[in-house]
Trainee: 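Please see the structure below; I have some questions.
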Number of protein chains: 2
Amino acid sequence: MSSTINPNDMLPRYFQLVTILRAKIEAGEWQPHAAIPSERQLEVLYSVSRTTVRQAVGLLIRQGLVYQLHGKGTYVSPRKLQKGLVELTSFSEDMLQRGLQPGQRILELAEVEAPEQVRQHLELSPDIRTVIRLERVRTGDGQPIGLQTSYLNLPAGATLTREQLEERGSLYAILQEKYNINLAAADETLEVTVATPREALLLEVPAGNPLLLSERILWTNERRAIEFVKILYRGDRYRYTVRLTR
Amino acid sequence: MSSTINPNDMLPRYFQLVTILRAKIEAGEWQPHAAIPSERQLEVLYSVSRTTVRQAVGLLIRQGLVYQLHGKGTYVSPRKLQKGLVELTSFSEDMLQRGLQPGQRILELAEVEAPEQVRQHLELSPDIRTVIRLERVRTGDGQPIGLQTSYLNLPAGATLTREQLEERGSLYAILQEKYNINLAAADETLEVTVATPREALLLEVPAGNPLLLSERILWTNERRAIEFVKILYRGDRYRYTVRLTR
DNA sequence: CTGGTAATGTGGTCATTACCAGTAGTGTAG
DNA sequence: CTACACTACTGGTAATGACCACATTACCAG
């Protein structure tokens, strides 16, 4: 990894600068709460304009690696804040981050008439009558973690097969590669519930055990609601984390 | 509300522009998924530079009101994404957003030896031995919603009295006004638990009922951990919502 | 010793100019 | 008719230069 900016590189300069600065922070070259070089110093150090410096630093701020104090300087965040949380992730990515091997057991994959609740969440127009329903038991290191039910409003003509799912594992990877659909945002609500007999059986817990119910609406880069997904998590095996900012 | 930029105004121009554009969107002048004027058009329309336009639009994007597609244009987000979620809020603000009147019953306010768990979360240095412990039953429209336990690491010399709390209601408002402490970020974890007899009594639910346990670490604008707070929410009266982005 | 002030360094805002990189429509050569 | 180049838009990146707002320090007058 180079530590200078290469103007001919395919990557934008501000992005190269982000990479360089992040590396220095993660290597401990600049300690938490220590000041990093000022914007005008970075200008000279890396032969870029202040515009570029500010764009790079702005990104680092949004990622939680540094913070700025007006009139004082730019400082390295404490380690706990350097870890990127929040990120919109798939179940698979989520498990991998937690150091567990993601797995799944597909219970159903079918085109069904859209329930009213789903119609509303996905803002379906009246001419769209059906959605794809996908029900899976999700596992981490082979142990059941959650019961996931997805309702997908795929673009016309798009299909989804059991084989694709079993091969790639991640639904979002398929959407991205085959249909060029990128996820941009999600709204999620969490609440507490208790296991019905069927849920208890699938999750391998006693009926009546407390569960964490997550309901999520997923939006594409064009801000179309594409998926409504419920996940029932085992209360004893799952913990949800977020970072809030102001 | 003016619809032009006033250079002599105390507020920065990009901020004035944000206000104008947001007003038009919320008034329905530009419908969801419709294109708003291009950056170069906004330049002319409001007599500001493209720098300023982009700074304003960037803010609107982060607030979820609009989205951009490279080579195409800038578009208004669907209504569901326009509503600002996520925001780091106090319990009081949270209740008000939900349309409930926040209230509290203080159970304890005392300086105590910091438990080990708290020491770690707040990253206390060895010379700091005590923190302030504040335990409250929080209510919405008079009904118990949550049992909140805060551990505060106030700056040297700062104090906190029952009277202040009862008067202002919001702890964060006191920190802001009296000690110029602003909250910048929070890390939160959520999990499921069941009510102990004491918790059940205070929350007015049967013992063994499922509860939502939130643990939160709060960071100031200088990225010092100032508070560790647990809230046990009644599972039947509380639902947590977040917006995730990529 | 105290309180004001000027100097200097920090991030924050803004205008101007230029060119790159995608998108979409149009026209033309094959 | 199709394939391809052209063109005219969009947002994305970048340099330069200027001034404002805030924080800190040093210095000086009282």
Side-chain angles (χ1 to χ4, degrees), chain A residues 4-21 30 33-62 65-77 180-182 184 220-223, chain B residues 4-21 30 33-62 65-77 180-182 184 220-223:
Chain A
T4 58
I5 306 289
N6 174 9
N8 306 318
D9 199 323
M10 221 58 61
L11 294 168
R13 301 183 190 190
Y14 80 89
F15 194 83
Q16 295 181 48
L17 185 51
V18 163
T19 307
I20 294 171
L21 297 179
W30 295 323
H33 294 295
I36 75 171
S38 74
E39 296 180 351
R40 274 132 180 126
Q41 288 170 350
L42 289 173
E43 253 189 284
V44 179
L45 283 170
Y46 296 100
S47 306
V48 292
S49 69
R50 192 159 163 229
T51 313
T52 304
V53 170
R54 280 185 63 78
Q55 200 171 351
V57 173
L59 233 177
L60 290 173
I61 290 175
R62 280 196 292 283
L65 271 81
V66 303
Y67 59 99
Q68 287 185 317
L69 299 176
H70 191 173
K72 301 188 73 175
T74 305
Y75 303 87
V76 177
S77 297
N180 198 29
I181 293 171
N182 288 286
T220 68
N221 54 347
E222 288 182 340
R223 268 56 173 183
Chain B
T4 59
I5 306 290
N6 174 9
N8 306 317
D9 199 323
M10 220 58 60
L11 295 168
R13 300 181 193 192
Y14 79 89
F15 194 83
Q16 295 181 48
L17 185 51
V18 164
T19 307
I20 294 172
L21 296 180
W30 294 322
H33 294 296
I36 74 171
S38 74
E39 295 180 351
R40 277 139 179 120
Q41 288 170 350
L42 289 173
E43 252 190 286
V44 179
L45 283 170
Y46 296 100
S47 306
V48 292
S49 70
R50 191 156 162 229
T51 313
T52 304
V53 171
R54 279 184 64 80
Q55 199 170 354
V57 173
L59 234 177
L60 290 173
I61 290 174
R62 281 195 291 283
L65 271 81
V66 302
Y67 60 98
Q68 287 185 318
L69 299 177
H70 190 174
K72 300 188 73 174
T74 305
Y75 302 87
V76 177
S77 296
N180 199 30
I181 293 172
N182 288 286
T220 68
N221 53 346
E222 288 181 340
R223 269 56 172 183

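The basis for the numbers below is simple: all heavy atoms, side chains too, and nothing from hydrogens, waters or symmetry mates. Below, chain A is the first sequence line, B the second, and so on; all start at residue 1.
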Trainee: Can you sort out which residues in residues 51-62 of chain A have a heavy atom within less than 4.0 Å of DNA chain D? Ascending by number, please.
Mentor: A:T51, A:T52, A:Q55
Trainee: Rounded to the nearest 0.5 Å, how far apart are CG of B:L60 and OG1 of B:T19?
Mentor: 9.0 Å
Trainee: What are the two closest heavy atoms between A:Y67 and B:E222, and how far apart are they?
Mentor: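 Closest heavy-atom pair between A:Y67 and B:E222: OH-O, 3.4 Å.
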Trainee: Once you round it to whole Å, what is the distance between P of D:dC22 and CD of A:E39?
Mentor: 16 Å
Trainee: Looking only at side-chain N and O atoms, does A:Q41 come under 4.0 Å of OP1 or OP2 in C:dG9?
Mentor: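 False: A:Q41 side-chain N/O out of range (4.0 Å or more) of C:dG9 OP1/OP2.
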Trainee: Roughly how far apart are B:L65 CG and B:T74 OG1, rounded to 0.5 Å?
Mentor: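 Taking CG in B:L65 and OG1 in B:T74, the distance rounds to 12.5 Å.
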Trainee: Between D:dA15 atom P and A:Y14 atom OH, what is the distance in whole Å?
Mentor: 13 Å
Trainee: Which pair of heavy atoms, one from B:L11 and one from B:Q16, lies closest together, and at what distance?
Mentor: O-NE2, 3.0 Å
Trainee: State, yes or no, whether a side-chain contact exists between A:I5 and A:I20 at a heavy-atom distance under 4.5 Å.
Mentor: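 SC-SC contact between A:I5 and A:I20 confirmed.
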Trainee: Is A:S38 near enough to C:dT10 that one of its side-chain N or O atoms lies under 4.0 angstrom from OP1 or OP2?
Mentor: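 True: A:S38 side-chain N/O within range (under 4.0 Å) of C:dT10 OP1/OP2.
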Trainee: Grab the CZ-P distance between B:R13 and C:dG12 for me, whole Å please.
Mentor: 18 Å
Trainee: Return the value, rounded to whole Å, for the distance between atom CG of A:L42 and atom C1' of D:dA15.
Mentor: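 So the two atoms are 16 Å apart, to the nearest Å.
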Trainee: Only counting residues at least two apart or in another chain, list the ones meeting side chain to side chain donor-acceptor pair (under 3.5 Å) with A:Y75.
Mentor: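 For A:Y75, no residue satisfies side chain to side chain donor-acceptor pair (under 3.5 Å) once neighbours in sequence are set aside.
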Trainee: Roughly how many Å is it from CD in A:E43 to P in D:dA18, rounded to a whole number?
Mentor: 13 Å
Trainee: Using Watson-Crick or G-U wobble pairs with both distances under 3.5 Å, give me DNA chain D in dot-bracket, 5' to 3', with [ ] for crossers and | for pairs to another strand.
Mentor: ||||||||||||||||||||||||||||||
Trainee: How would nucleotides 19-27 of chain C be written as a contact map, 5' to 3', with B for base contact, S for sugar-phosphate-only contact and - for no contact, using protein heavy atoms under 4.0 Å?
Mentor: B-BBSS---
Trainee: Check the interface with nucleotides 5-8 of chain C: list each N/O to N/O pair with the protein under 3.5 Å, or write none.
Mentor:
none

Trainee: Using a cut-off of less than 4.0 Å, is there contact between a side-chain N or O of A:T74 and OP1 or OP2 of C:dT10?
Mentor: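 Answer is no, no contact under 4.0 Å.
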Trainee: Can a donor-acceptor pair be found, under 3.5 Å and without considering hydrogens, that links the side chain of A:R223 to the backbone of A:N221?
Mentor: yes
Trainee: Report which part of the nucleic acid A:Q16 touches: base, sugar-phosphate, or nothing (heavy-atom distance under 4.0 Å, all strands).
Mentor: nothing
Trainee: Within this structure, what is the CG-to-P distance between B:L11 and C:dG12, rounded to whole angstrom?
Mentor: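 B:L11 atom CG is separated from C:dG12 atom P by 17 Å.
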Trainee: Is there any salt bridge (Lys or Arg N to Asp or Glu O under 4.0 Å) pair reaching into residues 35-51 of chain A, and which pairs are they, with sequence neighbours excluded?
Mentor: A:E39-A:R50, A:E39-A:R54
Trainee: A side-chain contact here means heavy atoms from C-beta on lying under 4.5 Å apart; do A:L42 and A:L21 qualify?
Mentor: yes
Trainee: I need the OH-P distance between B:Y67 and D:dT10, as an integer number of Å.
Mentor: 17 Å
Trainee: Please report the distance, rounded to the nearest Å, between CG in A:L69 and C1' in C:dG12.
Mentor: 13 Å
Trainee: Check whether any side-chain N or O of B:Q68 sits under 4.0 Å from OP1 or OP2 of D:dT10, and answer yes or no.
Mentor: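 Negative; the distance criterion is not met.
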